[in-house]
Amino acid sequence: MSLLLTIISITALLSTVLAIVSFWLPQITPDYEKLSPYECGFDPIGSARLPFSMRFFLIAILFLLFDLEIALLLPLPWGDQLTSPLLTFTWATVVLSLLTLGLIYEWVQGGLEWAE
């Protein structure tokens with residue numbers, strides 16, 4: 001019981017000290033760039049009715065696709081403990097092959113070119 005109380009008190013003390021220090025540590029006078037909102041790579045000062053760049057959104061969708069792929073393949077190292085690891089690794093290879101073919105297709109079609 002004493003060890004548990006000690007761990008909880010040390011954790012609470014350390015959290016309090018870090019929270020207090022974080023208020024005094026940053027710079028007191030922020031500049032204009034830190035105060036301005038920056039969303040989606042567009043200038044926030046201009047008109048809101050400007051046409052959107054489809055190329056930007058295609059790159060963003062590709063990023064999300066490959067981010068999802070990492071999340072799907074993250075438990076793969078534990079796949080060898082299943083009853084049929086060969087089936088698991090076969091499906092992982094199929095997914096990776098499909099994504100690689102999609103990436104090659106996007107590359108050949110010029111979908112990864114940022115500037116024209």
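Nearest heavy-atom pair across Gly79 and Pro85 is O-CB, 3.5 Å. Listed here is the closest heavy atom pair of Ile7 and Thr11: O-OG1, 2.7 Å.
Leu96 contributes atom CG, which lies 5.0 Å from atom CG of Leu73 (distance to the nearest 0.5 angstrom). Separating the CD atom in Glu106 from the CD1 atom in Ile61 is a distance of 10.0 Å, to the nearest 0.5 Å. Rounded to the nearest 0.5 Å, atoms CG (Leu65) and CD1 (Ile70) are 10.5 Å apart. Taking CG from Leu82 and CZ from Phe89, the interatomic distance works out to 8.0 Å, rounded to the nearest 0.5 Å. One finds the CD atom of Glu69 at 11.0 Å from the CG atom of Leu98 (value rounded to the nearest 0.5 Å).
Ser15 places no side-chain N or O within 3.5 Å of a backbone atom of Ala12 that could act as its donor or acceptor partner.
Transitive grouping of hydrophobic side chains (ILVMFWY, heavy atoms separated by less than 4.5 Å) brings Trp107 and Phe66 into a common cluster. One hydrophobic cluster holds both Leu62 and Val95 under the rule that ILVMFWY side chains link at heavy-atom gaps under 4.5 Å.
Within the 4.5 Å cutoff, no side-chain heavy atoms of Ser22 are placed close to those of Leu18. In this structure, Leu103 and Leu99 have side chains that are not in contact, with every pair of non-hydrogen atoms separated by 4.5 Å or more.
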Assess whether side chain to side chain contact (heavy atoms under 4.5 Å, CB included) is satisfied between Leu13 and Ser9, documenting all intermediate values. CA-CA 6 Å; Leu13 179 71; Ser9 61; over 6 Å; no
